[in-house]
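Have a look at the structure below before the remarks.
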Amino acid sequence: MKRWSSLSLTAKVLIGMITGLVIGLIMRQFSDNTFVEQYLVGGLFHVIGKIFLTSLKMIVVPLVFASIVCGTCSLKDIAVLGRLGIKTVVFYLATTCIAISLAMGLAFLIGPGIGANLESTSSFASKTAPSISEVIIGMFPTNPIEAMAEGNTLQIIVFSLLFGIAIAAAGKPAEPIAKLFVALNEVMMKLVTLIMHIAPYGVLSLMAKLFFTINLGAIGNLIQYFLVVLGALFLQLFITYCGMLKAFTGLSPWLFLSKIQDAFMFAFSTASSNATIPVTLEAVTRRMGVSNKVASFTVPLGSTINMDGTAIMQGAATVFIAQAFGVDLSMGDYMMVILTATLASIGTAGVPGVGLIMLAMVLQQVGLPLEGIALIMGVDRLLDMARTAVNITGDSVVSCIVAKSENELNFDVFNNVHAAEDEEYIDFHHIGEESQN
Ligand code: ASP
């Protein structure tokens with residue numbers, strides 16, 4: 001048997017996930033046991049899982065700030081940034097529209113809600129989708145420190161871009177600050193590596209707790225809806241993303257998928273694309289060879305405005321709920337669903353379960369009963385994990401495409417199967433050596 005320490009991080013995280021799942025299922029058999037409930041699930045696994053998630057979130061803000069400033073202050077031409085921004089946003093919106101259409105198409109084909117004959121009994125209010133102007137104004141922070149304290153990714157991106165541009169424009173006098181940010185970026189990436197060392201245990205704890213608490217019986221009733229969402233996620237992953245990657249860059253989709261594995265598993269077990277930013281950024285820059293200039297912008301932006309997996313759930317859920325409640329929606333209504341879901345996803349943070357809140361906006365827009373949400377809630381946590389993994393994969397594909405078009409992709413790194421694998425190990429020896437000198 002291979003020794004634990006010689007296994008790759010991917011293997012360790014995978015083992016952690018499966019072990020957690022099994023432990024969770026075993027603990028279910030002892031759900032009335034106080035020791036299991038209070039000390040294992042509510043104690044040990046809760047604490048380790050929470051520490052892991054919190055440490056990931058802890059580095060998001062400084063990492064995004066450092067890497068964007070670092071990327072933009074090395075820009076020679078401001079027009080590049082504009083071009084980069086437009087390309088990225090166009091690709092993000094296009095993949096989201098494809099995702100919803102795919103999900104609605106599949107849901108029509110399978111008809112998961114047909115025959116349920118439910119009747120709407122109550123109505124409760126939901127938030128309405130933000131207007132485009134609100135979204136745009138909301139991107140500008142009045143106070144950057146407040147934006148960072150609140151973890152408002154879009155506002156942090158805008159401030160970091162402006163800050164980086166100002167450093168570049170200031171030229172020579174600002175060079176020390178530019179160097180400081182390059183160093184800070186390196187340190188933050190090392191911190192990511194450090195936190196990845198607890199990932200297998202963190203993932204194990206999250207999975208054990210989840211599978212202890214989750215209501216697996218709910219899947220039975222909603223199996224068709226569940227399968228439609230999974231099927232559409234699968235198609236988006238293997239057809240849309242792999243096809244786009246091949247068509248726009250000529251890169252190998254298999255190599256891409258093998259390099260995104262770690263980030264995929266992190267997203268799956270945390271159900272948060274925001275918390276996964278550090279890992280996605282690492283995979284995209286160090287494993288796939290996308291320059292920091294591009295990735296520092298596309299990855300955090302994607303984790304906020306590009307939620308293809310979420311859009312898939314919303315598309316499928318809308319059709320499912322319309323069918324279950326026997327509501328006939330027109331073609332115009334479905335167009336409205338695509339538009340609202342795409343708009344609502346902009347400016348909504350990538351955190352667990354937020355997709356359901358956004359769904360309320362979509363349903364209300366076309367007059368569908370909001371209690372439909374209660375119907376699918378039981379299976380949402382598992383689907384949340386799967387769709388978050390697809391969300392971050394979409395961000396990474398677009399990062400590669402945009403980088404390739406800007407000549408910012410290092411093909412040698414991408415084509416090297418083992419690129420950056422040795423960075424999983426941290427060498428502390430030189431700390432002692434340098435202090436002795
Ligand atoms: N959990 C998802 C994410 O963070 C959002 C959602 O669909 O609820 O990307």
Side-chain angles (χ1 to χ4, degrees), residues 49 52-54 56-57 60-61 64 92-93 95-96 99-100 102-103 126-127 129-130 151-154 156-157 203 206-207 210 214 225-226 228-230 232-234 236-237 241 260 263-281 283-284 298-318 320 337-338 340-363 372-374 376-399:
F52 169 59
L53 258 183
T54 311
L56 272 177
K57 290 184 191 156
V60 170
V61 172
V64 170
Y92 280 158
L93 294 183
T95 50
T96 308
I100 314 181
L102 207 70
S126 82
K127 282 202 262 175
N152 186 324
T153 318
L154 277 185
I156 298 171
I157 292 176
V203 166
L206 290 178
M207 297 296 274
L210 178 73
I214 205 163
Y225 163 73
F226 192 77
V228 166
V229 177
L230 280 191
L233 290 174
F234 196 80
Q236 179 79 357
L237 198 61
Y241 293 156
I260 197 69
F264 196 89
M265 284 192 287
F266 270 69
F268 186 82
S269 35
T270 58
S272 164
S273 11
N274 249 357
T276 314
I277 290 178
V279 194
T280 318
L281 210 48
V284 169
T298 52
V299 170
L301 186 70
S303 79
T304 317
I305 72 165
N306 186 44
M307 297 190 183
D308 300 343
T310 306
I312 285 179
M313 177 278 283
Q314 292 177 342
T318 311
F320 171 69
V337 170
I338 298 183
T340 323
T342 310
L343 257 189
S345 73
I346 302 175
T348 312
V351 290
V354 78
L356 266 198
I357 301 170
M358 279 146 50
L359 179 64
M361 292 181 191
V362 178
L363 294 182
I373 293 180
I376 55 173
M377 220 171 226
V379 289
D380 196 65
R381 177 63 203 200
L382 276 182
L383 290 178
D384 193 5
M385 295 160 84
R387 67 182 183 244
T388 308
V390 169
N391 286 346
I392 63 100
T393 311
D395 304 341
S396 310
V397 168
V398 172
S399 303

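Counting starts at 1 for both ligands and their atoms, following the listed order.
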*Heavy-atom pair of closest approach, residues Ala232 and Ala103*: CB-CA, 3.9 Å

*Taking both backbone and side-chain atoms of Asn274, is any N or O found less than 3.5 Å from an N or O belonging to ligand 1?*
no

*Atoms in ligand 1 with a heavy atom of Thr310 nearer than 4.0 Å*: 5 (C), 6 (C), 7 (O)

*Which atoms from ligand 1 have a heavy atom of Ser272 less than 4.0 Å away?*
4 (O)

*Counting from 1, what ligand 1 atoms have a heavy atom of Asn391 closer than 4.0 Å?*
2 (C), 3 (C), 9 (O)

*Please confirm whether Ala271 comes within less than 3.5 Å of ligand 1 when only nitrogen or oxygen atoms on both sides are compared.*
yes

_For a quick test of reading the model, state the closest non-hydrogen atom pair linking Met207 to Phe268 and the distance between them._
CE-CE2, 4.0 Å

*Kindly write out the residues that satisfy ring-ring contact (aromatic ring centres under 6.0 Å, His included) with Phe264, not counting sequence neighbours, or none if the list is empty.*
none

*asked:* I'd like to check which ligand 1 atoms, numbered from 1 as shown, lie under 4.0 Å from a non-hydrogen atom of Val354.
replied: 5 (C), 6 (C), 8 (O)

_Under a 3.5 Å threshold, yes or no: a donor from one side chain and an acceptor from the other, between Ser303 and Asp395?_
no

_One residue to check: Arg387. Relative to ligand 1, which of side chain, backbone, both or neither has a non-hydrogen atom less than 4.0 Å away?_
side chain

*Check whether any side-chain N or O of Asn391 sits under 3.5 Å from a backbone N or O of Asp308 as a donor-acceptor pair, and report yes or no.*
yes

*Judging by distance only, is a nitrogen or oxygen of Gly355 under 3.5 angstrom from one on ligand 1?*
yes

*Any donor-acceptor pair under 3.5 Å from Gln314 side chain to Gly355 backbone*: yes

